[in-house]
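As the structure lists them, so they are numbered: ligands from 1, and atoms in each ligand from 1.
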Amino acid sequence: MNIPLLLRLRDAGGQFLPFDQLGNQPEQVRHDLDVLEAFGFQFERHPFGSVAYRGPASRLCPDQIEHELNTRTIGRRIAVWSRTGSTNDLAAQAAGSRANEGLVVFAEEQTAGRGRRGRTWSAPAHSSLLMSVLLFPQGELAEPAWLTALGAVAVADVVSAWSGRTAAIKWPNDVRVDRRKIAGILVERGPDSAVVGIGLNANLSSEALPDDVRQQATSLQILTDAPIDRSELARDLLRRLDALYEASLQEGASALGSLWSMRSEHLGQAVIVETTGECFRGRLDSIDLWDGLRLRTHLDEICQVSADQIRAILPLESV
Ligand code: BTN
């Protein structure tokens with residue numbers, strides 16, 4: 001597929017461009033446009049030989065995602081499925097070969113999508129980014145906490161960049177904007193591999209959100225009031241994941257840990273922390289994926305809760 005042609009038209013911002021400006025051979029340009037149109041990209045053709053971009057394809061385009069992706073590990077291989085049970089399962093099935101490190105499996109629709117704590121994850125077909133990254137991490141990068149942070153930080157940053165809004169991470173892995181969930185991360189480990197599964201709401205209108213989550217969820221389309229080019233979004237997200245992965249390989253896990261802490265939703269706020277047996281109240285002074293958190297109580301005492309004890313963190317006013 002002629003992706004440079006697609007991007008040239010897209011970047012013209014809806015203006016008509018004459019065929020002879022789009023290539024030396026107008027017949028070839030016409031043919032390449034036919035191929036792009038057949039895939040689902042939208043154009044308006046003018047009878048006197050010019051064309052304007054009108055919108056992305058509704059399905060993910062592997063050629064567009066891979067175009068000048070230039071990542072080192074994550075996205076070295078990608079696969080796009082129309083329908084599958086769970087992309088995490090497909091990525092895990094590829095773990096038999098280390099040559100598949102960095103494989104990213106996308107699906108337009110999941111019939112058995114999983115969330116954390118045994119929940120399901122469902123999204124209308126073509127509405128979201130449903131994807132899983134296969135890694136063979138070593139040492140501290142193999143810890144679930146680090147893998148969760150990798151997904152959460154990259155997703156929070158891509159959401160902020162695309163929406164112009166602050167995206168925060170709610171312990172341990174929800175990405176939220178204005179306290180509404182826009183994405184979740186599910187890390188699953190194999191003997192020497194790990195799958196980082198990401199579900200990110202992109203082209204979902206408020207009406208398309210299930211009744212029971214409408215007040216607690218959002219999407220990029222809702223935040224920007226415009227349809228999202230999901231292939232471009234996927235490309236951006238893969239680059240961010242890869243850059244964070246590479247930085248951690250070079251510098252160790254702690255750099256990502258502090259990026260995660262800085263994006264934590266409740267930092268500095270009054271919260272209730274639920275553990276298996278108790279609840280603690282106070283202002284959240286610090287939070288760390290490995291060390292847990294530190295609260296300052298109303299008596300100005302410091303209370304520490306280790307990461308494995310935390311079950312939930314709730315803003316105090318919501319309780
Ligand atoms: C959560 O917030 O509970 C985590 C949700 C993770 C959903 C994604 S969608 C792609 C991947 N495949 C799955 O079955 N789950 C993850």
Fill in: Q64: which of R235, E232, R230 passes side chain to side chain donor-acceptor pair (under 3.5 Å)
E232
Fill in: Identity and distance of the protein heavy atom lying nearest atom 2 (O) of ligand 1
K181 NZ, 2.6 Å
Practice prompt. Measure D89 to ligand 1 on non-hydrogen atoms and call it side chain, backbone, both or neither using the 4.0 Å cut-off.
Written response: neither
Fill in: R117, portion touching ligand 1 at heavy-atom distance under 4.0 Å
neither
Worksheet item: Is the charged tip of R8 near the ring of F19: under 6.0 Å from the six-membered ring centre and within 45° of its axis?
Response: no
Fill in: Under 4.0 Å to a heavy atom of D174 - the qualifying atoms of ligand 1, by number
2 (O)
Item to complete: Could you find the nearest protein heavy atom to atom 3 (O) of ligand 1 and give me its residue, atom name and distance?
Response: R116 N, 2.7 Å
Discussion item. Counting only heavy atoms closer than 4.0 Å, does ligand 1 sit against the backbone of R119, its side chain, both, or neither?
Written reply: neither
Discussion item. If you define the side chain from C-beta out and look only at heavy atoms, does anything of L284 sit under 4.5 Å from L295?
Written reply: yes
Response to the item:
When distances are taken from atom 5 (C) of ligand 1, the protein heavy atom at minimum range is W121 CE3, 3.3 Å
Fill in: Any donor-acceptor N or O pair under 3.5 Å, side chains E140, W290
no
Worksheet item: Should you measure from each heavy atom of S86, which atoms of ligand 1 turn up under 4.0 Å away?
Response: 12 (N), 13 (C), 14 (O)
Item to complete: Give the atoms of ligand 1, by number and element, whose distance to some non-hydrogen atom of G113 is under 4.0 Å.
Response: 14 (O)
Worksheet item: Any side-chain donor paired with an acceptor under 3.5 Å for T73 and E246?
Response: yes
Worksheet item: Between D300 and R296, does a salt bridge (charged side-chain N to carboxylate O under 4.0 Å, His left out) hold up when you go through it step by step?
Response: CA-CA 6 Å; D300 212 26; R296 190 172 293 272; 3.3 Å; yes
Worksheet item: When you check the side-chain N and O atoms of S306 and Q309, is any donor under 3.5 Å from an acceptor?
Response: yes
Item to complete: Do me a favour and list the nearest non-hydrogen protein atom to atom 6 (C) of ligand 1 with residue, atom name and distance?
Response: R114 O, 3.6 Å
Discussion item. Tell me if the CZ atom of R45 is crowded by more than 12 foreign heavy atoms within 6.0 Å.
Written reply: yes
Worksheet entry | Atoms in ligand 1 with a heavy atom of G115 nearer than 4.0 Å | 1 (C), 3 (O), 4 (C), 5 (C)
Worksheet entry | Least distance between heavy atoms, T297 atom then C303 atom | CG2-CB, 4.3 Å
Item to complete: Return the residue, atom name and 0.1 Å-rounded distance of the protein heavy atom closest to atom 12 (N) of ligand 1.
Response: Q110 OE1, 2.9 Å
Worksheet item: Relative to atom 4 (C) of ligand 1, which among T148, L130, I185, T120 owns the nearest non-hydrogen atom?
Response: I185
Worksheet, complete the sentence: Atoms of ligand 1 under 4.0 Å from any heavy atom of T87, numbered from 1 in the order shown, are 10 (C), 11 (C), 12 (N)
